[in-house]
Trainee: 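Supplied in structure tokens, the structure appears directly below.
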Amino acid sequence: METTSAAQPHRLSAIASFHAHIYFDDATRTEAARLRQWMADRFLVTLGRWHDALVGPHERPMYQVAFAVDVFPVLVPWLMLNHGRLSVLVHPNTTEPLADHTAHALWIGSPLGIRSEKLPSHGEAELAREPNTTPTIAA
Ligand code: ZN
């Protein structure tokens with residue numbers, strides 16, 4: 001008997017946007033700042049505030065990079081090449097915040113923990129916001 005016949009894969013259209021969270025500590029803060037400037041110069045993204053204090057499900061200071069679905073195939077490979085010693089969490093934004101940050105996420109560099117108890121199972125999918133960068137350099 002097939003028990004999975006009713007299961008369907010998630011549709012790509014479930015992804016409203018993406019985030020990359022760039023984690024740093026005292027030893028890597030300068031590298032995080034340099035990476036942020038490199039991204040600002042190269043990609044149409046929304047760079048979030050620096051969070052030196054822990055926020056949300058994150059276990060280390062970080063800043064967020066929000067971007068549209070069509071930026072993923074250029075920004076994510078570029079981060080693979082250029083993250084240096086920094087850990088980066090890339091996750092989709094769907095209506096499932098908990099899964100987005102865990103089962104649906106990918107890590108570039110060393111994976112860190114996620115405080116999953118801080119994340120709801122369901123919520124509003126976050127649409128891409130107005131970019132705040134003006135890229136002038138080809139990636
Ligand atoms: Zn996020």
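All ligand and atom numbering here is 1-based and tracks the order in the structure. Here, residue 1 is the first one in the sequence, and each next residue gets the next number.
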Trainee: So, 2.8 Å as the limit: is an N/O/S atom of His101 located closer than that to the Zn ion (ligand 1)?
Mentor: no
Trainee: Measure from the ring center of Trp50 to the ring center of Phe24 and say whether it is less than 6.0 Å.
Mentor: yes
Trainee: Got more than 12 heavy atoms from elsewhere within 6.0 Å of CG, Leu12?
Mentor: no
Trainee: Relative to the Zn ion (ligand 1), which of the N, O or S atoms in His19 is the closest?
Mentor: ND1
Trainee: Taking the Zn ion (ligand 1) as the vertex, what is the angle from NE2 of His91 to NE2 of His21, given to 10 degrees?
Mentor: 100°
Trainee: Any side-chain donor-acceptor pair under 3.5 Å between Glu96 and His10?
Mentor: yes
Trainee: Under a 3.5 Å threshold, yes or no: a donor from one side chain and an acceptor from the other, between Tyr23 and His58?
Mentor: yes
